[in-house]
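Before any comments, here is the structure.
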Amino acid sequence: QVQLVESGGGSVQAGGSLRLSCAASGYTYSSYCMGWFRQAPGKEREGVAAIYTGGGSTYYADSVKGRFTISLDNAKNTLHLQMNSLKSDDTAVYYCAAVPMGWVTRCGFRSSAYNYWGQGTQVTVSS
């Protein structure tokens, strides 16, 4: 059973930066697709970034390209999301998620494809 624990959320002014972390444990498969999703009040959950742990390929939503960077520290089993040039539209609860490769054919942003989720961490960007 994979367990995911997010940290690093907080409040920041527009234009600022935050770094989210997701500590993972309980891996039983050789590779996973791991992603960051967010959900703002009254909106659907949306994927913002994903990474294939087997080869390091990364994927970004258009809304965050050039501003967010997803990375994986294999030694510490920790997923990161570096968020720069934050905007008020980035305000949301951010969730870390994972799914074993083989259960999906490619990494993507369909939240229903992910079967492991963290508890979420709040990011608030004030303008």
Side-chain angles (χ1 to χ4, degrees):
Q1 183 79 359
V2 175
Q3 293 185 325
L4 305 172
V5 179
E6 301 99 333
S7 62
S11 298
V12 65
Q13 289 190 331
S17 299
L18 281 174
R19 189 191 195 206
L20 305 183
S21 297
C22 172
S25 61
Y27 286 132
T28 56
Y29 289 84
S30 60
S31 61
Y32 289 77
C33 181
M34 298 193 72
W36 286 99
F37 289 75
R38 66 187 181 186
Q39 188 166 19
K43 295 187 177 181
E44 292 187 356
R45 189 170 296 188
E46 63 172 348
V48 296
I51 187 168
Y52 169 48
T53 67
S57 298
T58 57
Y59 310 85
Y60 295 96
D62 289 342
S63 59
V64 306
K65 278 181 182 176
R67 300 189 299 122
F68 290 11
T69 302
I70 189 171
S71 62
L72 183 65
D73 184 338
N74 285 308
K76 297 182 179 179
N77 285 339
T78 302
L79 182 72
H80 297 290
L81 184 68
Q82 178 66 44
M83 305 185 294
N84 298 328
S85 303
L86 283 162
K87 306 174 182 179
S88 56
D89 288 347
D90 296 318
T91 295
V93 177
Y94 283 72
Y95 298 90
C96 172
V99 59
M101 288 304 293
W103 291 30
V104 293
T105 56
R106 60 182 295 274
C107 283
F109 296 138
R110 186 165 54 91
S111 60
S112 60
Y114 290 76
N115 53 339
Y116 300 111
W117 291 85
Q119 81 287 353
T121 186
Q122 176 71 46
V123 171
T124 303
V125 184
S126 57
S127 57

Let's go through Phe68 and Gln82 carefully: what are the C-alpha distance in whole Å and the side-chain angles of both, what is the deciding distance for side chain to side chain contact (heavy atoms under 4.5 Å, CB included) to 0.1 Å, and is it a yes or a no?
CA-CA 5 Å; Phe68 290 11; Gln82 178 66 44; over 6 Å; no
Under the side chain to side chain contact (heavy atoms under 4.5 Å, CB included) criterion, do His80 and Arg19 qualify, and how do the steps go?
CA-CA 7 Å; His80 297 290; Arg19 189 191 195 206; 3.3 Å; yes
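With contacts defined as side-chain heavy-atom distances shorter than 4.5 Å, the pair Tyr95/Arg45 qualifies. Considering only heavy atoms from C-beta on, Tyr116 stays 4.5 Å or farther from Cys96 through its side chain. Taking the side chain as every heavy atom from C-beta outward, Leu81 and Val48 approach each other to under 4.5 Å. Side-chain contact between Tyr52 and Cys33 is absent, with no heavy atoms from C-beta onward closer than 4.5 Å. Inter-residue side-chain proximity for Cys107 and Met101 is flagged as met; some heavy-atom pair is nearer than 4.5 Å.
Ala40 approaches Ala92 most closely through the heavy-atom pair N-CB, 3.8 Å. Minimum heavy-atom separation, Leu18 to Leu86: N-CD1, 3.8 Å. Taking each heavy atom of Ser63 and Arg38 in turn, the nearest pair found is OG-NH2, 3.6 Å. The heavy-atom pair separating Gly108 from Ala50 by the smallest distance is O-CB, 4.3 Å. When all heavy atoms of Leu4 and Ala24 are compared, the pair lying nearest together is CD2-CB, 3.6 Å.
Annotation: Glu44, atom CD; neighbour count of heavy atoms from other residues, nucleotides and ligands within 6.0 Å does not exceed 12.
Under the 4.5 Å side-chain heavy-atom criterion for grouping Ile, Leu, Val, Met, Phe, Trp and Tyr, Trp103 is connected to Leu79 within one hydrophobic cluster. Linking ILVMFWY residues whenever their side-chain heavy atoms come closer than 4.5 Å, directly or via other members, places Val104 and Met34 in the same cluster. Side-chain heavy atoms closer than 4.5 Å link hydrophobic residues (I, L, V, M, F, W, Y) into clusters, and following such links, even through other members, never connects Leu72 to Phe109. No continuous path of hydrophobic side-chain contacts links Tyr59 to Met83 [ILVMFWY only; heavy atoms under 4.5 Å].
Counting only distance, with no hydrogens or angles, the side chain of Ser57 and the backbone of Gly55 share no donor-acceptor pair below 3.5 Å. Judged by distance alone, with hydrogens and angles left aside, the side-chain atoms of Thr53 form a donor-acceptor pair with the main-chain N or O of Tyr32 at under 3.5 Å. Between the side chain of Tyr60 and the backbone N or O of Ile70, at least one donor-acceptor pair lies under 3.5 Å. Distance alone, capped at 3.5 Å, is enough to place a donor-acceptor pair between the Thr91 side chain and the Val125 backbone. Looking only at distances, a side-chain donor or acceptor of Arg67 sits under 3.5 Å from a matching main-chain atom of Ser85. Distance alone, capped at 3.5 Å, places no donor-acceptor pair between the Glu6 side chain and the Ser21 backbone.
A distance of 5.0 Å separates CH2 in Trp36 from SG in Cys22, rounded to the nearest 0.5 Å. If you take OG1 on Thr78 and CG on Leu20, they are separated by 12.5 Å, rounding to the nearest 0.5 Å. Interatomic distance, Ile51 CD1 to Ser71 OG, rounded to the nearest 0.5 Å: 6.5 Å. Atom CG of residue Asn115 and atom CD of residue Gln1 lie 8.5 Å apart, to the nearest 0.5 angstrom. Note: Ser111 OG to Gln39 CD = 8.5 Å, rounded to the nearest 0.5 Å.
Aromatic ring centres of Phe37 and Trp117 lie closer together than 6.0 Å.
Between the side chains of Ser17 and Asn84, at least one donor N or O lies within less than 3.5 Å of an accepting N or O.
Lys87 has no carboxylate O lying under 4.0 Å from a charged side-chain N of Asp90, or vice versa, which leaves the two without a salt bridge.
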